[in-house]
Amino acid sequence: MEYKNLLVEINNGIAVLKINRPKALNALNSETLIEINDAGRALQKNKDVWVIVVTGEGDKAFIAGADIVEMKDLNAVEGMLFSQRGHDAFATLENMNKPVIAAVNGFALGGGFEVALACDIIYASDKAKIGFPEATLGIFPGFGGTQRAAKLVGLAKAKELIFTGKMIGAAEAYEMGLVNKVVPHEELMKEVMALAEKIKSNGPVAIGLAKECINKSLSLDMDSALMLEAKDFGLCFGTKDQKEGMTAFVEKRKATFKGE
Ligand code: DAK
């Protein structure tokens, strides 16, 4: 599929997926949601990709939310379709068995911050502005924001952000636990790529399984979650990577993983 609103670059096992509508501050229209879903699925299947980075084109915005111009006149059926496109795209990012890092390079508002929340790790530029302005538009975060934000920062802080619609800076978002790290704007991609490289040096099958265990734990009781962990842990022992990792330790050398 040719993308109109996305740039996808793959280098040495790391894919950078860039939302490319800088004139609209990378706002998510239906077309972009379909493209994110398609690109995410392709990256999931691509054996040469081990880590994915999501960011926004331009210097100003990660994603300034869902496209208000498109949403404004939707009827109920179109609203449902828009919602489904969003849910498909977000589920693809969240459920792929590869780590996904959000590099928040500017405004990350509403559905835009919800994209970051569907990623596994969030690094933010010190110029980033984060918030859920939906209530100012008469809606509320509907791409998983009420759930994922509350799980990250607790109910009261998530409610404060969502009820007020206020924008906060990266430092406050970090203090709250909304983002993993804040870095100087110019250093963002360098730091994110270093993180991606660090993750890539480890066993990708094990990381994918750990991601599944952590994500599923949110909707499972402790016994079921531990059962899943035991099963996934066991699966590691069926991989060449586990043999290589432990053999390398015993032989006092660095492991070379192949994702097998
Ligand atoms: N949608 C469409 N266009 C947008 C946009 C957006 N979200 N954000 C910015 N733009 C466009 C502006 O209209 C402007 O276009 P032109 O006028 O140049 O044609 C261009 O980007 C530059 O924006 P500004 O001129 O406004 O730039 P400023 O630096 O002055 O302000 C800003 C930057 C980010 C503070 C401001 O643009 C702003 O407040 N933008 C809107 C932010 C926002 O409210 N985002 C939340 C959208 S609501 C759903 C689930 C979830 C959602 C929807 C449905 N379902 C389950 C169905 C999610 C909803 C949202 O995300």
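All ligand and atom numbering here is 1-based and tracks the order in the structure. Side chains included, hydrogens not; waters and symmetry mates left out as well; all remaining heavy atoms used.
Looking from atom 44 (O) of ligand 1 to the surrounding protein, the closest heavy atom is P133 CG, 3.4 Å. Closest to atom 4 (C) of ligand 1 among all protein heavy atoms lies A24 O, 3.8 Å. Nearest protein neighbour of atom 48 (S) of ligand 1, counting heavy atoms only, is L137 CD1, 3.4 Å. The protein heavy-atom contact nearest to atom 58 (C) of ligand 1 is A66 CB, 3.5 Å. With hydrogens left out, the protein atom closest to atom 18 (O) of ligand 1 is K23 O, 4.4 Å, a heavy atom. Counting protein heavy atoms only, atom 52 (C) of ligand 1 is closest to F143 CE1, 3.8 Å. Of the protein's non-hydrogen atoms, the one nearest atom 23 (O) of ligand 1 is L25 CD1, 3.6 Å. For atom 57 (C) of ligand 1, the closest non-hydrogen atom of the protein is S83 CB, 3.4 Å.
Contacts between M71 and ligand 1, counted as non-hydrogen atom pairs separated by less than 4.0 Å, involve the side chain only. Both the backbone and the side chain of A64 come within contact range of ligand 1, each with a heavy atom under 4.0 Å.
Taking a 4.0 Å cut-off on heavy atoms, E70 fails to register as neighbouring ligand 1.
Distance screen at 4.0 Å: atom 29 (O) of ligand 1 has a protein heavy-atom neighbour inside the cut-off. Within a 4.0 Å radius of atom 16 (P) of ligand 1, the protein has no heavy atom. In this structure, atom 40 (N) of ligand 1 has no protein heavy-atom contact shorter than 4.0 Å.
For the side-chain contact (heavy atoms from CB on, under 4.5 Å) with I19, the qualifying choice from I63, N5, T55 is I63, the only one to do so. For the side-chain contact (heavy atoms from CB on, under 4.5 Å) with M96, the lone residue among D120, V49, I52 that qualifies is I52.
Side chain of N26 to main chain of A61: a donor-acceptor pair is present (N/O by atom type, distance under 3.5 Å, no hydrogens or angles). Side chain of E70 to main chain of S30: a donor-acceptor pair is present (N/O by atom type, distance under 3.5 Å, no hydrogens or angles).
Shown in contact with D67 at under 4.0 Å from a heavy atom are these atoms of ligand 1, numbered in order with element: 1 (N), 2 (C). Near G110, with a cut-off below 4.0 Å to any heavy atom, the atoms of ligand 1 are 61 (O).
The closest heavy-atom contact to atom 6 (C) of ligand 1, among the options G112, G131, A27, G165, comes from A27.
Ring-plane geometry between F82 and F143 is classed as tilted, the angle between the planes lying from 30 to 60 degrees on a 0 to 90 degree scale.
There is no side-chain donor-acceptor pair under 3.5 Å between N105 and S125.
In this structure, K243 places its NZ atom where more than 12 heavy-atom neighbours from other residues, nucleotides or ligands lie under 6.0 Å away.
Polar contact check, P141 against ligand 1: no nitrogen or oxygen pair lies under 3.5 Å apart.
A pairwise comparison of heavy atoms in C236 and L209 identifies SG-CD1, 4.0 Å as the closest pair. For V104 against L188, the heavy-atom pair with the smallest separation is O-CD2, 3.6 Å.
Salt-bridge formation is not detected for the pair E57/R21: no Lys NZ or Arg NE/NH1/NH2 atom is positioned less than 4.0 Å from an Asp or Glu carboxylate oxygen. Contact check on K166 versus E160 returns a salt bridge, with a Lys/Arg side-chain nitrogen under 4.0 Å from an Asp/Glu carboxylate oxygen.
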